[in-house]
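Numbers for residues simply follow the sequence, beginning at 1. In each ligand, atom 1 is the first atom listed, and ligand 1 is the first ligand listed.
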Amino acid sequence: MKLITYLEAGKEKVGVLTADEKAVRPLPYADMLAAVEAGIEALTAAEPGPAAALETVTLLAPIPRPRQDVICLGINYAAHAEESARYDKALAKDRPIPIYFSKRVPEAVGPEGFIESHPGLVQRLDYEAELAVIIGQTAKNVPAERAAEHIFGYTVLNDVSARLLQTTHKQWYFGKGLDGFTPMGPCITTADEIAFPPDLAISARVNGQLRQDSRTALLITGIADIIAELSSGMTLLPGTIIATGTPSGVGMGFDPPKFLQPGDVVECEIEGIGLLRNTVK
Ligand code: MG
């Protein structure tokens with residue numbers, strides 16, 4: 001199933017895309033978090049309402065208002081570790097263990113929504129295409145071999161980053177948690193449709209130019225180990241979003257760097273999930 005959150009006649013709904021992905025059928029849940037809590041089996045059994053053509057609705061981020069901060073991994077693809085170290089050694093010197101940080105998201109940006117450039121505050125605006133995992137069942141002390149059972153699905157997330165804020169302040173929280181810095185979508189593909197661990201093409205284009213082009217199988221710390229490690233000391237509730245890190249090809253990785261400017265169109269895409277297109281304003 002591909003699940004979306006959308007506005008129809010001003011009302012927020014959760015629905016399932018039809019097989020041709022040209023229409024949506026509403027599901028009887030108040031929001032995506034309620035649908036996640038219900039679980040894939042219940043959603044499969046639910047009788048969706050009548051189809052509405054996608055062009056008649058407005059897509060929102062699949063989880064527009066995450067319950068908690070998004071948990072993120074930094075430097076989790078080897079080629080991105082190399083480009084980050086070239087940009088600023090402090091970002092990626094020896095990292096034998098995962099870097100975890102979180103991203104504040106009062107409201108996620110939907111497909112076709114805007115990335116805020118924060119003029120005056122942000123000088124080096126960057127993009128990061130990432131595979132995001134949505135936790136389904138509460139995860140506590142989950143061994144790696146059972147991690148997949150706790151995943152509800154996957155979405156595409158752009159971990160928009162203000163590089164100067166990120167490196168000036170030693171913590172990444174401010175530079176990655178600004179308003180309008182977390183586009184997500186277009187949908188959640190449920191975990192039953194993607195073989196585990198996911199090996200999916202992941203890419204990012206800016207104004208049509210291919211910048212990132214990799215596969216999600218190249219994560220340094222894989223999803224099973226991430227869930228096992230985090231859940232060994234932290235309860236992961238249904239609806240928790242984990243952004244698994246970005247491959248090489250971000251703006252700071254180029255010489256000279258290619259940072260984003262107002263008007264730029266950023267497209268992040270993952271095979272089997274879809275295309276997330278956002279414009280910088
Ligand atoms: Mg990132």
Side-chain angles (χ1 to χ4, degrees), residues 61 63 66 68-88 90-93 95 97-105 108-109 115-116 118 122 124-134 154-185 198 200 202-206 211-223 225-227 229-230 240-254 257-260 266-270 273 276 278 280:
I63 300 178
Q68 296 173 296
D69 285 7
V70 172
I71 299 173
C72 302
L73 275 90
I75 315 293
N76 202 26
Y77 287 79
H80 177 60
E82 287 168 24
E83 70 177 359
S84 300
R86 277 199 306 273
Y87 179 77
D88 184 334
L91 277 178
K93 53 192 175 196
R95 297 287 189 189
I97 49 175
I99 300 169
Y100 296 115
F101 64 96
S102 80
K103 207 168 163 70
R104 191 171 184 80
V105 190
V109 176
I115 294 166
E116 290 186 33
H118 298 271
V122 169
R124 299 176 189 169
L125 186 67
D126 211 345
Y127 53 87
E128 296 189 351
E130 305 200 8
L131 174 69
V133 175
I134 314 296
Y154 303 91
T155 191
V156 183
L157 187 147
N158 185 349
D159 177 17
V160 177
S161 303
R163 296 298 181 202
L164 193 55
L165 289 181
Q166 184 187 352
T167 51
T168 301
H169 299 263
K170 296 301 175 195
Q171 293 275 338
W172 301 359
Y173 196 57
F174 189 38
K176 285 173 172 275
L178 302 184
D179 292 346
F181 267 27
T182 310
M184 236 195 294
L200 308 169
I202 178 169
S203 63
R205 290 180 293 279
V206 177
R211 297 279 185 85
Q212 297 186 279
D213 187 16
S214 187
R215 297 197 69 85
T216 60
L218 296 175
L219 294 177
I220 295 171
T221 303
I223 293 166
D225 289 330
I226 295 169
I227 291 174
E229 180 163 64
L230 288 175
T240 294
I241 302 163
I242 303 172
T244 55
T246 201
S248 65
V250 300
M252 72 171 171
F254 292 88
K258 297 181 178 181
F259 293 120
L260 297 172
V266 186
E267 294 174 303
C268 300
E269 187 167 17
I270 298 179
I273 304 172
L276 174 66
N278 301 97
V280 180

Can you sort out the partners of [X] under side chain to side chain contact (heavy atoms under 4.5 Å, CB included), two or more places apart, ordered by chain and number?
{"X": "Ala162", "value": "Val122, Leu165, Phe181"}
{"X": "Ala61", "value": "Ala108, Met184"}
{"X": "Ser102", "value": "Asp69, Tyr173"}

*Do Glu269 side-chain atoms and Ala204 backbone N/O form a donor-acceptor pair below 3.5 Å?*
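Absent.
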
_Near the Mg ion (ligand 1) (cut-off under 2.8 Å), count of protein N, O or S atoms_ =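 Near the Mg ion (ligand 1), the number of protein N, O or S atoms below 2.8 Å is 3.
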
*asked:* Just by distance, no angles: are the side chains of Gln212 and Thr246 close enough, under 3.5 Å, to form a donor-acceptor pair?
replied: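 Thr246 and Gln212 do have a side-chain donor-acceptor pair below 3.5 Å.
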
*Side chains of Arg211 and Tyr127: do they bring a donor and an acceptor to under 3.5 Å?*
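Yes, a side-chain donor-acceptor pair sits under 3.5 Å.
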
